[in-house]
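In what follows, a single structure is set out as structure tokens and then discussed.
These values consider heavy atoms only, across backbone and side chains, with no hydrogens, waters or symmetry-generated copies.
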There are 2 protein chains.
Amino acid sequence: MAGTTHEHQHQVDFAALCRAHGIPCTDQRRVVWDFFAQHAQGHTIPDAVTALAPQGIGRATIYRTVELFERLHLLTSVRDTGEKVRYVAVCPGHAHTLICRSCHQVVEFEDCDLALLEKLLSERTGFAIAGHHLEVYGTCPQCAAGRA
Amino acid sequence: MAGTTHEHQHQVDFAALCRAHGIPCTDQRRVVWDFFAQHAQGHTIPDAVTALAPQGIGRATIYRTVELFERLHLLTSVRDTGEKVRYVAVCPGHAHTLICRSCHQVVEFEDCDLALLEKLLSERTGFAIAGHHLEVYGTCPQCAAGRA
DNA sequence: CGCCATATTGAGACAATGTATCAGAAAAGC
DNA sequence: GCTTTTCTGATACATTGTCTCAATATGGCG
């Protein structure tokens with residue numbers, strides 16, 4: 001594959017990512033990562049199979065890799081009512097997603113003060129709270145302006 | 001099917017539910033509804049097929065019915081990292097779920113003050129916020145006590 | 001740099017899940 | 001009850017997901 005500065009940047013970043021997570025850095029994983037990371041709206045796994053299998057990436061590898069990335073919190077899954085599960089690259093430090101129901105772009109945001117809510121829930125139910133998953137849905141300005 | 005008071009209660013409730021949503025009340029829909037409503041931890045669609053097909057409910061009907069119920073907000077879907085999508089009956093007035101990662105029981109809760117967060121996000125991103133989906137994960141007291 | 005131990009990969013067979021169609025059956029409204 | 005409309009089940013089919021194993025690439029080390 002061509003070696004533009006931009007792609008090289010990706011390679012370097014991804015290699016570092018793998019080292020940081022203690023996994024071997026393979027070409028296939030980089031391709032899968034790039035595929036999901038380059039689209040803000042995320043993709044389904046079948047999307048990835050359709051796009052990457054012709055490039056010689058096996059189906060099994062795609063499934064294994066997405067599962068791995070999800071376990072490592074490099075990808076996260078998003079799913080609105082009636083939709084299929086899509087996977088979106090996780091920006092480190094950003095835990096939550098704001099999703100356009102029209103174009104599916106995913107904007108991540110950081111600040112959400114649910115600590116108080118979690119404390120309250122814990123007291124009321126006896127649950128040991130481990131974490132939460134928050135998705136906010138709406139329409140982005142572009143789609144609202146009629147572009148979609 | 002037998003007509004105990006409890007089951008009759010279900011029938012009455014479900015018929016009313018259908019009338020309220022303007023859909024025909026069929027035996028199949030009642031069976032599917034009961035199947036999901038009677039288990040706090042929810043079920044996958046394949047679960048339902050396995051359980052209900054031998055009772056003479058067709059696969060296609062189960063898929064159609066779950067899709068319908070989800071659109072009417074009678075069922076809602078839940079999915080933690082690495083899990084399959086499960087469907088849980090929605091308690092009217094309760095919008096959010098607290099889920100045990102060990103036994104998958106789903107506890108619903110009402111109060112969450114995200115209005116402020118939504119306002120902030122709207123101002124910062126220009127999105128028209130339509131709603132949100134919040135799942136809190138943890139371990140329930142029973143599982144923490146070693147039951148699972 | 002080149003070897004070795006280990007982990008990953010791709011192919012392909014297979015299993016499970018999801019979808020479309022259409023004739024027959026049941027529900028709702030008179 | 002009778003008609004219209006909607007739903008249902010069976011079937012065939014398409015898609016998605018899983019498994020296994022030999023071949024290959026990776027990372028570590030001398």
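The aromatic rings of B:W33 and B:F14 sit parallel to each other, their planes meeting at less than 30°, with 60° as the upper class boundary.
If you take OG on B:S122 and CG on A:L98, they are separated by 9.0 Å, rounding to the nearest 0.5 Å.
The six-membered or imidazole ring of A:H43 lies away from that of A:Y87, with a centre-to-centre distance of 6.0 Å or more. For B:H132 and B:H96, the distance between ring centers is under 6.0 angstrom.
Only A:R59, A:A60, A:Y63, listed by number, bring a heavy atom of residues 56-72 of chain A to less than 4.0 angstrom from any atom of DNA chain D.
Atom pair A:R30:CZ and C:dT8:P shows a separation of 18 Å (rounding to whole Å applied). The distance between atom CZ of A:R29 and atom C1' of D:dA25, rounded to the nearest whole Å, is 11 Å. Between B:D27 atom CG and C:dA25 atom P there is a gap of 16 Å when expressed in whole angstrom units. In this structure, the CG atom of B:L52 is 11 Å from the P atom of D:dG9, given to the nearest Å.
Between the axis at the start and the axis at the end of the helix from C:dC1-D:dG30 to C:dC30-D:dG1 there is an angle of 50°, using five pairs per end and rounding to 10 degrees.
The shortest side-chain heavy-atom distance between A:S102 and A:C140 does not fall under the 4.5 Å cut-off.
The residue among B:T26 and B:K84 whose nearest nucleotide of DNA chain C lies closer to the 5′ end is B:K84. Heavy-atom distances to DNA chain C give each of B:P46 and B:I23 a nearest nucleotide, and the one nearer the 5′ end belongs to B:P46.
Contact between the side-chain N/O atoms of B:Q28 and the OP1/OP2 oxygens of D:dC7 is not found at any separation under 4.0 Å.
With hydrogens and angles ignored, the 3.5 Å screen pairs no side-chain donor or acceptor of A:R101 with any backbone N or O of A:Y137. A donor-acceptor pair under 3.5 Å is absent between the side-chain atoms of B:T61 and the main chain of B:I57, judged by distance alone. In terms of modelled atom types and a separation under 3.5 Å, the side chain of B:T97 and the main chain of B:E135 share no donor-acceptor contact.
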